[in-house]
Novice: 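The structure is given below, and queries will be raised subsequently.
Every chain is numbered from 1, with letters handed out A, B, ... down the list of sequences.
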Number of protein chains: 2
Amino acid sequence: MAEVETPSDAGQVDTPLAEFIGYAMKRALSIVQADLSRVLGGFGLRAVSFSALSIVVAQPGLTQTQLADALQIERSNLVTILDELSGRGLIIRAPVAQDRRRHALMATAEGQTLAQAAQTAVKTHERALFSCLTPEEQHELKRLLTKFRGQAGA
Amino acid sequence: MAEVETPSDAGQVDTPLAEFIGYAMKRALSIVQADLSRVLGGFGLRAVSFSALSIVVAQPGLTQTQLADALQIERSNLVTILDELSGRGLIIRAPVAQDRRRHALMATAEGQTLAQAAQTAVKTHERALFSCLTPEEQHELKRLLTKFRGQAGA
DNA sequence: TATTGTTATACTCTATAACTATA
DNA sequence: TATAGTTATAGAGTATAACAATA
């Protein structure tokens with residue numbers, strides 16, 4: 001069997017995947033998620049509970065099914081997340097008079113305050129993280145991602 | 001307790017998260033991943049095994065540690081992936097004469113052929129998926145993601 | 001009959017520690 | 001002692017089916 005020389009430059013070894021937007025997206029996201037977890041950890045929140053809480057604050061009265069749809073997660077998996085938020089007194093599941101199957105989700109005052117603080121912190125840290133891009137580039141990146149989601153995700 | 005009206009427009013309910021690039025990235029990626037899984041399923045590959053095979057084809061002689069680093073996954077988790085590729089005769093773990101602890105990863109002829117075909121298919125489907133963006137926008141999106149990773153991921 | 005929230009469960013992904021064989 | 005590959009395992013995250021209460 002022939003001798004083999006192992007490449008020494010492992011840093012640029014993923015070249016064949018460099019042409020795929022999906023791959024670039026995945027690698028970029030993992031950097032953002034690491035930063036996000038760190039920041040939200042200070043508030044006792046995970047990314048998904050932060051998202052859930054933020055939406056409940058913005059759209060009080062949402063039902064669990066609506067929230068699960070908004071987050072694109074399964075209703076069953078949302079239960080644990082809401083138990084967590086509710087257990088900390090950040091949200092309540094209010095009864096809906098017209099339909100007793102549904103829960104209207106509402107943030108408590110404490111939940112609103114925490115959501116506000118966490119959003120500010122995330123915004124600050126995202127700004128720092130993306131400071132290697134110009135403000136125009138940051139805006140364009142978000143615009144392109146959002147446009148793509150709007151068109152391709154239909 | 002006051003009556004509650006539940007919002008009827010659940011589609012735009014994630015507004016408070018719309019300002020975060022990370023959130024836009026996550027939602028965009030999940031669309032790409034769904035498409036990718038579908039395409040790669042036809043080749044009996046998952047995203048991670050496709051990535052691994054592609055890199056081995058491009059960089060023959062890589063060791064497992066180098067490949068794990070390139071893919072940013074744990075060495076331990078790479079083992080199963082390589083067992084899978086090796087079991088299908090797509091790659092081999094060749095012995096390295098200078099260091100008998102290491103395995104030099106090499107794609108077989110069949111592995112090279114499959115990688116080539118899968119890459120073409122992924123490229124085609126990614127092009128179709130991103131057709132809602134102009135070629136300039138697609139290029140810019142990839143450039144921004146790559147620049148971000150290069151700068152922020154250091 | 002259908003829907004809402006819930007439980008249970010299984011399956012994938014990821015992370016960590018410890019082992020072996022080599023260096 | 002340290003490194004490469006491996007094993008085992010635990011913890012997330014995610015997906016599916018089925019149930020009780022209600023419509």
Side-chain angles (χ1 to χ4, degrees), chain A residues 4 6-8 10 26-27 29-31 33-34 36-38 40-41 44-52 56 61-87 91-106, chain B residues 4 6-8 10 26-27 29-31 33-34 36-38 40-41 44-52 56 61-87 91-106:
Chain A
V4 163
T6 56
S8 52
K26 171 162 187 178
R27 297 301 285 265
L29 181 60
S30 85
I31 294 169
Q33 284 177 326
L36 185 66
S37 298
R38 192 176 50 74
L40 290 178
L45 293 171
R46 297 176 293 148
V48 70
S49 52
F50 167 72
S51 299
V56 171
L62 260 194
T63 67
Q64 296 188 193
T65 296
Q66 286 174 318
L67 180 55
D69 287 349
L71 292 170
Q72 288 204 313
I73 64 177
E74 296 297 319
R75 275 177 306 158
S76 57
N77 293 327
L78 181 60
V79 175
T80 321
I81 297 161
L82 296 182
D83 286 349
E84 183 185 315
L85 293 173
S86 157
I91 65 159
I92 59 166
R93 289 165 160 116
V96 175
Q98 305 90 350
D99 187 342
R100 289 166 56 204
R101 294 172 303 181
R102 300 184 187 180
H103 298 168
L105 302 172
M106 321 272 284
Chain B
V4 164
T6 57
S8 52
K26 171 162 187 177
R27 297 302 284 265
L29 180 60
S30 85
I31 295 169
Q33 283 177 326
L36 184 67
S37 298
R38 193 176 50 73
L40 290 177
L45 292 172
R46 296 175 294 147
V48 69
S49 52
F50 167 72
S51 299
V56 171
L62 261 194
T63 67
Q64 295 187 194
T65 296
Q66 286 174 319
L67 180 54
D69 286 349
L71 292 169
Q72 288 204 313
I73 64 176
E74 295 299 319
R75 276 176 307 159
S76 57
N77 293 328
L78 180 60
V79 174
T80 321
I81 298 161
L82 296 182
D83 286 349
E84 184 184 315
L85 293 173
S86 157
I91 64 159
I92 58 166
R93 288 164 161 118
V96 175
Q98 305 90 350
D99 186 341
R100 290 166 56 204
R101 293 172 303 182
R102 300 185 189 182
H103 298 168
L105 302 172
M106 321 273 284

Novice: Would you kindly give the CG-to-P distance between B:D83 and D:dA8, to the nearest whole Å?
Specialist: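 Roughly 12 Å, once rounded to whole Å.
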
Novice: Tell me: CD of B:Q64 to C1' of D:dT3, nearest whole Å?
Specialist: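 These atoms are roughly 13 Å apart.
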
Novice: In chain order, what residues pass the side chain to side chain donor-acceptor pair (under 3.5 Å) check against A:E74, with sequence neighbours excluded?
Specialist: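 By the side chain to side chain donor-acceptor pair (under 3.5 Å) rule, A:E74 matches no residue at all.
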
Novice: Would you say a side-chain N or O of B:Q66 is under 4.0 Å from OP1 or OP2 of D:dA4?
Specialist: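 Answer no for this pair, as no side-chain N or O of B:Q66 is under 4.0 Å from OP1 or OP2.
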
Novice: Would you kindly give the CD-to-P distance between B:Q33 and D:dA15, to the nearest whole Å?
Specialist: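 The distance from CD of B:Q33 to P of D:dA15 comes to 11 Å, rounded to the nearest Å.
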
Novice: Does the side chain to side chain contact (heavy atoms under 4.5 Å, CB included) test come out yes or no for A:L105 and A:L85, once each step is laid out?
Specialist: CA-CA 11 Å; A:L105 302 172; A:L85 293 173; over 6 Å; no

Novice: For A:L67 and C:dG5, what is the distance between atoms CG and C1' respectively, to the nearest whole Å?
Specialist: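 Distance, rounded to whole Å: 13 Å.
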
Novice: Can you confirm whether B:D99 sits close enough to B:T63 that some side-chain heavy atom of one is under 4.5 Å from a side-chain heavy atom of the other?
Specialist: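 They are not in contact (no side-chain heavy atoms under 4.5 Å apart), so the answer is no.
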
Novice: Using whole Å, report how far CD1 of A:I91 lies from P of C:dG5.
Specialist: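 Taking CD1 of A:I91 and P of C:dG5, I get 12 Å after rounding.
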
Novice: Partners of A:Q64 by side chain to side chain donor-acceptor pair (under 3.5 Å), sequence neighbours excluded?
Specialist: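 A:Q64: side chain to side chain donor-acceptor pair (under 3.5 Å) contacts with A:R93, A:H103.
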
Novice: Take the protein atom CG of A:D69 and the nucleotide atom P of D:dA15, then report the distance between them rounded to whole Å.
Specialist: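 For the pair A:D69 CG and D:dA15 P, the rounded distance is 13 Å.
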
Novice: Sequence neighbours left out, what passes side chain to side chain donor-acceptor pair (under 3.5 Å) with A:R100? Give chain and number order.
Specialist: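 Result, side chain to side chain donor-acceptor pair (under 3.5 Å) vs A:R100: none returned.
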
Novice: Rounding to an integer number of Å, can you tell me how far B:L71 CG sits from C:dC13 C1'?
Specialist: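 Spelled out: CG on B:L71 to C1' on C:dC13 is 14 Å.
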
Novice: One character per nucleotide, please: for nucleotides 14-23 of chain C, 5' to 3', B when the base has a protein heavy atom closer than 4.0 Å, S when only the sugar-phosphate does, - otherwise.
Specialist: BBBB---BBS

Novice: In whole Å, I'd like the distance from the CG atom of B:L29 to the P atom of C:dC13.
Specialist: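 Going from B:L29 (CG) to C:dC13 (P), I get 14 Å.
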
Novice: Residues two or more places apart in sequence or in another chain: which of them pass side chain to side chain donor-acceptor pair (under 3.5 Å) with B:R75?
Specialist: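 Testing B:R75 for side chain to side chain donor-acceptor pair (under 3.5 Å), a comparison that skips the adjacent residues, returns none.
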
Novice: Within the pair A:R93 and C:dT6, is there a side-chain N or O less than 4.0 Å away from OP1 or OP2?
Specialist: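 It does, given that an N or O in the side chain of A:R93 lies less than 4.0 Å from OP1 or OP2 of C:dT6.
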
